[in-house]
Amino acid sequence: MTRKDEILAFVEQADENIILELYNKAYKKLEELNSKVDKYSIYLSLIILLFFISSNLQIDTLQIGPVSIKNTSIVTTILPLLYFVFIFNILIMVMHKSELYFAVKLLGERIYNSDYKLSNLHDFQNNFINRISLPFSYSSFGKEIIMKNDGILGCLFGVIVTLPTLFVMIAIFIIGGFMLKDLWSLYYGTLIGKISFWGCIWGVLFAFFIIRYWIKFLDGEKLNI
């Protein structure tokens with residue numbers, strides 16, 4: 001049974017109050033995940049900044065607010081592990097967010113009596129009820145603009161808007177590879193370096209496993225992210 005079939009079966013059998021309760025819970029979780037993804041993205045940017053500062057500047061002490069770190073090589077060694085931990089967490093949250101987003105839209109059909117066409121449940125083009133009822137998300141807003149059919153000019157604009165996202169995705173892999181290279185060549189001789197390096201490798205392999213499992217678990221079912 002697909003997620004859509006499961007929700008529709010639930011809607012047909014459950015009481016209106018139960019449906020509304022489930023909708024509110026899913027909506028609240030979706031709001032929380034949107035906020036967490038934004039915060040984790042900021043943290044990820046700070047980790048990248050700190051990594052390049054600590055690895056390129058020859059300083060004896062790194063002052064971060066009230067915290068003073070004398071051995072900056074320890075910071076440079078630990079940051080790659082934190083980098084992959086945050087990426088892994090963002091990946092998991094985005095996967096769960098896609099399910100919540102789809103569930104909230106489908107439950108909203110029953111609650112708000114919206115004129116949904118079921119095919120549109122898989123589109124990025126939310127109707128007006130969707131836009132005013134769903135929590136704001138930069139990813140959903142961006143995709144709604146990009147996927148809008150406005151001919152050649154619209155496609156060109158979509159490509160221009162998509163390029164920064166594409167560059168960010170590529171940069172994530174490049175920065176991760178650079179961190180692993182730095183760990184291997186400069187810090188692998190230390191115990192912390194070994195732990196950090198193999199922790200990063202484990203995180204990458206586990207992330208690929210999760211993605212592979214997620215694709216298999218979806219079994220062709222489309223969900224919005």
- Task: Tell me, yes or no, whether the heavy-atom count around Phe86 atom CZ, taken from other residues, nucleotides or ligands under 6.0 Å, exceeds 12.
- Result: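 Yes, because the 6.0 Å sphere around CZ of Phe86 holds more than 12 heavy atoms from other groups.
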
Please determine whether residues [X] and [Y] belong to a single hydrophobic cluster, defined as Ile, Leu, Val, Met, Phe, Trp and Tyr linked transitively by side-chain heavy-atom distances below 4.5 Å.
| X | Y | answer |
| --- | --- | --- |
| Trp202 | Leu191 | no |
| Tyr83 | Val85 | no |
| Ile211 | Phe173 | no |
| Leu205 | Trp198 | yes |
| Met179 | Ile192 | yes |

Smallest separation among heavy atoms of [X] and [Y], with atom names:
| X | Y | result |
| --- | --- | --- |
| Ile90 | Ser41 | CD1-N, 4.1 Å |
| Cys200 | Phe84 | SG-CD1, 3.4 Å |
| Leu183 | Pro80 | CD1-CB, 3.7 Å |

As an exercise, state the distance from [atom1] of [X] to [atom2] of [Y], rounded to the nearest 0.5 Å.
| X | Y | atom1 | atom2 | value |
| --- | --- | --- | --- | --- |
| Asp182 | Ile175 | CG | CD1 | 13.0 Å |
| Lys29 | Glu99 | NZ | CD | 10.5 Å |
| Ser196 | Leu82 | OG | CG | 8.0 Å |
| Glu12 | Ile7 | CD | CD1 | 13.0 Å |
| Lys105 | Leu30 | NZ | CG | 11.5 Å |
| Ile78 | Ile47 | CD1 | CD1 | 11.5 Å |

Mind checking whether [X] and [Y] have side chains closer than 4.5 Å, heavy atoms only?
| X | Y | value |
| --- | --- | --- |
| Leu81 | Phe197 | no |
| Lys181 | Leu186 | no |
| Ile87 | Tyr40 | no |
| Ile210 | Phe88 | yes |
| Ile18 | Phe10 | yes |

- Under 4.0 Å between a Lys/Arg side-chain N and an Asp/Glu carboxylate O for Lys36 and Glu32?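 Not counted as a salt bridge, because no side-chain N and carboxylate O are separated by less than 4.0 Å.
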
- Item | Geometric class of the Trp184/Tyr188 ring pair [parallel <30°, tilted 30-60°, perpendicular >60°] |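 Tilted.
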
- Message: Parallel, tilted or perpendicular, judged at 30° and 60°: which one describes the rings of Phe206 and Phe209?
- Response: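 Ring orientation of Phe206 relative to Phe209: parallel.
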
- Task: State yes or no: are the ring centers of Phe52 and Phe178 separated by less than 6.0 Å?
- Result: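 Here the rings of Phe178 and Phe52 have centres that are less than 6.0 Å from each other.
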
